[in-house]
Amino acid sequence: MAGRLFVRGFSTVLRLRSHETARSSQRVMSTAKGIPTDDEQATGLEQRALRALKEGKDPYSMMKPKSYPGTKEEPHIVPGIGAKRLVGCVCEEDNTAVVWFWLHKGEAQRCPSCGSHYKLVHHELPH
């Protein structure tokens, strides 16, 4: 009989202590700011890219590019940080194959499959 009372009393004390621990951790979480946002935890290149996006810039050409007709006079503009860039052209709207070719700095170049023109333009990375 005494053993049962001891076990019941001990388990009650444990439940109360675990409840207090849970309450204290809730108190700590509620006084802190909570989960940090992307801006608060971003570092390095990610932080520079987020800052540029806030200023209205497109740091790594992540947005959909402006549409051009693709003629020799008005080629599709491809931003790049080097002298050449690999370009993929989906020649027809419902085509499942992508035609890949190297685009070099200088004059506009044609897609070998559909004849659409592309031009490489130098693009600066954000600081």
Side-chain angles (χ1 to χ4, degrees):
M1 179 81 171
R4 276 193 219 155
L5 288 175
F6 178 73
V7 171
R8 282 186 189 167
F10 186 69
S11 63
T12 305
V13 169
L14 285 180
R15 273 188 274 147
L16 287 174
R17 284 194 180 162
S18 66
H19 187 65
E20 287 174 11
T21 307
R23 274 190 169 169
S24 64
S25 65
Q26 283 177 339
R27 230 178 280 127
V28 171
M29 287 300 289
S30 65
T31 57
K33 289 184 178 179
I35 299 172
T37 63
D38 289 341
D39 294 334
E40 292 173 343
Q41 62 184 352
T43 60
L45 288 174
E46 182 184 14
Q47 186 179 39
R48 292 191 330 203
L50 287 173
R51 191 178 315 130
L53 282 171
K54 279 187 175 180
E55 294 171 2
K57 299 176 185 174
D58 188 11
Y60 295 107
S61 304
M62 295 183 285
M63 308 299 180
K64 183 178 177 185
K66 182 180 172 187
S67 182
Y68 293 96
T71 62
K72 190 171 186 174
E73 294 78 28
E74 288 189 68
H76 297 289
I77 302 298
V78 178
I81 59 171
K84 64 181 182 177
R85 184 169 177 182
L86 190 61
V87 176
C89 180
V90 180
C91 299
E92 297 172 13
E93 189 174 323
D94 58 345
N95 197 357
T96 58
V98 178
V99 177
W100 296 97
F101 61 97
W102 282 101
L103 184 62
H104 297 274
K105 190 176 182 180
E107 294 291 319
Q109 296 172 324
R110 291 180 59 187
C111 169
S113 179
C114 68
S116 208
H117 286 79
Y118 293 86
K119 183 173 183 174
L120 184 66
V121 176
H122 185 71
H123 178 75
E124 288 291 327
L125 292 177
H127 296 285

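Because the structure is a prediction, the values reported are computed rather than measured.
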Smallest heavy-atom separation, L103 atom then K119 atom, equals CD2-C, 3.9 Å
For G88 and V98, the nearest pair of non-hydrogen atoms, with its separation, is CA-CG1, 3.7 Å
Does the side-chain contact (heavy atoms from CB on, under 4.5 Å) test come out yes or no for C91 and C111, once each step is laid out?
CA-CA 8 Å; C91 299; C111 169; 3.8 Å; yes
Under 4.5 Å side-chain heavy-atom separation, chaining through any Ile, Leu, Val, Met, Phe, Trp or Tyr, what else clusters with V121? Say none if it is isolated.
Y68, I77
Return each pair, listed once, that meets side chain to side chain donor-acceptor pair (under 3.5 Å) where at least one residue sits in residues 92-107; pairs must be two or more places apart or across chains.
none
For E55, give me all partners under salt bridge (charged side-chain N to carboxylate O under 4.0 Å, His left out), at least two apart in sequence or on another chain.
K57
Rounded to the nearest 0.5 Å, what's the gap from CD1 on I35 to CD on E40? Could you check?
11.0 Å
Side-chain H-bond candidate by donor/acceptor type, S116 with H76, under 3.5 Å
yes
Any idea which heavy atoms bring G115 and R110 closest together, and the distance?
CA-NH2, 3.4 Å
Please tell me if the side chains of P112 and F101 come closer than 4.5 Å, counting only heavy atoms from C-beta onward.
yes
Closest non-hydrogen contact found for A42 with L50 is CB-CD1, 3.7 Å
List the steps and the verdict of side-chain contact (heavy atoms from CB on, under 4.5 Å) for T71 and E74.
CA-CA 5 Å; T71 62; E74 288 189 68; 3.8 Å; yes
Check this for me, if you would: do D39 and R51 make a salt bridge, where the nitrogen-to-carboxylate-oxygen distance has to be below 4.0 angstrom?
no
Rounded to the nearest 0.5 Å, how far does CG of L53 lie from CZ of R48?
13.0 Å
